[in-house]
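The structure appears right after this line, and notes come after that.
Treat the numbers as computed from the prediction; the structure is a model and nothing was measured. Residue numbers run from 1 in the order of the sequence given.
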Amino acid sequence: MAARTAYATAPRHPNSLLLMDWKQLISDKRFGKEHSHKIPTERRTEFQRDFDRLIFSSPFRRMQNKTQVFPLPGSIFVHNRLTHSLEVSSVGRSLGTDVARELLVRRPELCEADLAPIGAIVSAACLAHDMGNPPFGHSGERAIRSYFSEGRGTAIKDYQTPVGQRLTPAEWADITRFDGNANTFRLLSHQFAGRRRGGFVMTYSTLAAVVKYPYSSRLSGKKCKFGFFESEAADFALIASELGMPVEHTPDGIRSVRHPLVYLVEAADDICYEIMDIEDAYKLRLLSDDETMSLFMGFYDAAQREQLLEDYPDTTDKSDHIAYLRSCVINALERACVNTFVENEAAILEGTFQGSLIDHLPPALLAAYRRCEEVARQKIYFCKDVLNVDLAGYHIIYTLLELMVDAVLAPQKAYSQLLLGQVSSQYQIHAPRLADRIMAVLDYLSGMTDVYALDLYRKINGHSLPGV
């Protein structure tokens, strides 16, 4: 789970001193419909339409059955990917709206840049930020990576089809470093069968705000964190160039500076997962009342604590007190991140800002946040229930991937035909190119819910039958 706190700032571009321009960074041009006319009677903004398209999409709804951290709920409700994304989107909207307001106060000349949509853009990007994650979260990602890097999938590197096709070095790097972040950009922008060019046909700004790691897999170093697969690299470069984000083409792929709004999407995610995981752990009794209260009170000095105690909900229910403190902490972190963003606006627009907004919190807030991180590592991410889900999820995804890859490599076999018959026609498992078939398998697996993956695994192993 340590990967959850990792971040990466794109390697500094040689021309990074060229300022990005808010007028160019906020664009409602739609990827895949660049030359289409807008509907004159539409009252929603284009960015509100982005949000609505995501909310009503099947991939978004499927996140209700994808694990966030803890096993999916029984009698006690904890967060799943969908509820987490909704909360991140809410915090992201506040961050974006407040940043736009503060920037206009500090720089009145920006009134010409139309910063009003920032809240809607960040909110939509937050809604989408986890949509590409495979079942079982980071455990699913690790299973995919390890199959290709150290399992039977290593043979794919030198595999040659009857017509002489092989994976390119870039395509091999993509699958051995498979990342849910890159898969999100693919899901939003890729033309799957039956879908128009441009995938969800999102606005350029929303798509750019989703890309937390704006570089190719071979430029990610030892971290398996990157923003787009080789199959979507040219699409990202087009979007970045259109928005005025400097793009560098190298022998190992492309890289760019971050779109400024990525920092707000990242901050909303950082705030929600850290604070909400603490509350979930409290609900599951992994943390006591006193431990949880101490962690949340740690964000305030003595005078502020007294005020908080005076404003406590009029109830003796400890869970109501915890929920109240949690909301106060999120509010305090949101305000601090807004201040950090506007104070560092120049560096962000230059592409020279290092780290995340959380890394630049005032010392007292940062210390309290780091304490929550440490407790989460010790008592949450390595608790027995979480590790059991990780272990089971890893084995399920690894096994399904192994079988599906064998099937697309030898589709003429009887068992392969049975397996491939399970796959929806939107996935290009019969594509002429080997790389496209491998990516189609990953599209299929990553689109599953935890429950569907488990059900398919049981059926394949003969542990369950339909109607039995």
Side-chain angles (χ1 to χ4, degrees), residues 30-33 44 46-68 72-73 79-90 92 120 123-137 140-141 144 178-203 206-207 209-210 228-229 231-232 235 265 269 393 396-397 400-401 404 419-431 436 439-457 459 466:
R30 291 199 170 276
F31 182 65
K33 291 184 67 175
R44 295 173 297 169
E46 294 301 312
F47 308 112
Q48 289 170 335
R49 292 179 69 196
D50 282 347
F51 184 95
D52 294 345
R53 288 184 182 194
L54 293 165
I55 280 282
F56 286 95
S57 70
S58 294
F60 183 77
R61 288 195 300 274
R62 285 197 294 268
M63 289 200 293
Q64 70 182 307
N65 245 329
K66 286 191 175 184
T67 305
Q68 174 64 14
L72 293 175
H79 288 80
N80 54 42
R81 289 283 175 184
L82 186 141
T83 52
H84 167 71
S85 297
L86 288 170
E87 290 171 349
V88 173
S89 181
S90 178
S123 184
C126 288
L127 208 61
H129 83 283
D130 270 352
M131 283 175 59
N133 282 12
F136 307 105
E141 287 178 316
I144 293 171
F178 179 88
D179 181 25
N181 294 284
N183 204 45
T184 293
F185 186 76
R186 176 177 171 85
L187 177 65
L188 295 177
S189 62
H190 187 70
Q191 182 179 354
F192 294 98
R195 276 170 52 181
R196 69 182 74 184
R197 178 186 177 273
F200 277 56
V201 196
M202 307 293 282
T203 62
T206 297
L207 284 172
V210 171
F228 40 83
F229 297 119
S231 51
E232 286 76 48
D235 293 335
V265 175
D269 187 29
I396 291 168
I397 297 303
L400 293 178
L401 178 58
M404 293 302 302
L419 281 175
L420 297 180
Q422 297 281 333
V423 182
S424 168
S425 60
Q426 69 175 300
Y427 302 113
Q428 300 165 315
I429 54 173
H430 299 292
D436 292 338
M439 289 303 299
V441 169
L442 297 180
D443 292 334
Y444 174 55
L445 288 179
S446 61
M448 294 179 180
T449 65
D450 295 12
V451 173
Y452 183 90
L454 173 60
D455 183 54
L456 181 60
Y457 173 83
K459 289 177 181 176

Between OG on residue Ser425 and NE2 on residue His430, distance to nearest 0.5 Å: 10.0 Å

Nearest 0.5 angstrom please: Leu400 CG to Tyr457 OH, how far? 8.5 Å

Please examine the side chains of Phe31 and Thr206, heavy atoms only from C-beta on, and report whether any two atoms are closer than 4.5 Å. no

Residues forming a side chain to side chain contact (heavy atoms under 4.5 Å, CB included) with Arg30, sequence neighbours excluded: Lys33, Glu46, Arg49, Asp50, Arg53, Val201, Thr203

Listed by chain and number, what are the ring pair (Phe, Tyr, Trp, His ring centres under 6.0 Å) partners of Phe229, not counting sequence neighbours? Phe178, Phe226

For Val441 and Val423: C-alpha separation, side-chain torsions, deciding distance, then whether side-chain contact (heavy atoms from CB on, under 4.5 Å) applies. CA-CA 9 Å; Val441 169; Val423 182; over 6 Å; no

Are Thr184 and His129 close enough that some pair of their side-chain heavy atoms sits under 4.5 Å apart? no

What pairs with Glu87 under salt bridge (charged side-chain N to carboxylate O under 4.0 Å, His left out), at least two apart in sequence or on another chain? none

Distance (rounded to the nearest 0.5 Å) between Lys66 NZ and Asn133 CG: 7.0 Å

Restricting to non-hydrogen atoms, name the atom on Ala128 and the atom on Leu188 that form the minimum distance, rounded to 0.1 Å. CB-CD1, 4.0 Å

So do the side chains of Val265 and Val88 get within less than 4.5 Å of each other, counting heavy atoms only? no

So, using side chain to side chain donor-acceptor pair (under 3.5 Å) as the criterion, who are the partners of Ser85 when residues are at least two apart? none

Taking ring pair (Phe, Tyr, Trp, His ring centres under 6.0 Å) as the test, write out the residues that go with Tyr444, two or more places apart. Tyr427

Pair His84-Asp269, side-chain donor/acceptor within less than 3.5 Å: yes

Taking atom CG of Asp52 and atom CZ of Arg44, what is their separation to the nearest 0.5 Å? 5.0 Å

Hits for side chain to side chain contact (heavy atoms under 4.5 Å, CB included) against Ser90, two or more places apart or cross-chain, chain-then-number order -> Arg93

Residues that Phe51 engages under ring pair (Phe, Tyr, Trp, His ring centres under 6.0 Å), provided they are two or more places apart: none

Please find the pair of heavy atoms, one from Phe136 and one from Ala453, that lie closest to each other, and give the distance. CE1-CB, 4.2 Å

Rounded to the nearest 0.5 angstrom, the CZ-CE distance for Arg81 and Met131 is 13.0 Å

Under the side-chain contact (heavy atoms from CB on, under 4.5 Å) rule, what do Met439 and Arg186 come out as? Steps first, then yes or no, please. CA-CA 10 Å; Met439 289 303 299; Arg186 176 177 171 85; 3.7 Å; yes

Can you measure from CG (Leu54) to CG (Leu127) and round to the nearest 0.5 angstrom? 5.5 Å

I want to check something: taking the side chain as every heavy atom from C-beta on, are Pro59 and Phe200 in contact at a cut-off of under 4.5 Å? yes

Are any of the side-chain heavy atoms of Asp179 and Glu141 separated by less than 4.5 Å? yes

Give a yes or no on whether the backbone of Cys126 and the side-chain of Ser89 come within a donor-acceptor separation of less than 3.5 Å. no

What's the verdict on side-chain contact (heavy atoms from CB on, under 4.5 Å) for Met202 and Val210, showing C-alpha distance, side-chain angles and the deciding distance? CA-CA 11 Å; Met202 307 293 282; Val210 171; over 6 Å; no

Tell me every residue that passes side chain to side chain contact (heavy atoms under 4.5 Å, CB included) with Asp436, counting only those two or more places apart in sequence or in another chain. Ala431, Arg433

Check salt bridge (charged side-chain N to carboxylate O under 4.0 Å, His left out) between Arg61 and all other residues, then give those that pass, not counting sequence neighbours. none

Partners passing side chain to side chain donor-acceptor pair (under 3.5 Å) against Thr449 (at least two apart in sequence or in another chain): none

Backbone of Gln64 reached by a side-chain donor or acceptor of Asn80 within 3.5 Å: yes

Got Ile397 and Pro134 here, is their nearest side-chain heavy-atom distance under 4.5 Å? no

With sequence neighbours left out, write down each residue that passes side chain to side chain contact (heavy atoms under 4.5 Å, CB included) with Leu454, or none if nothing qualifies. Ile396, Arg458

Heavy atoms, side chains only, cut-off 4.5 Å: are Asp443 and Asn183 in contact? yes

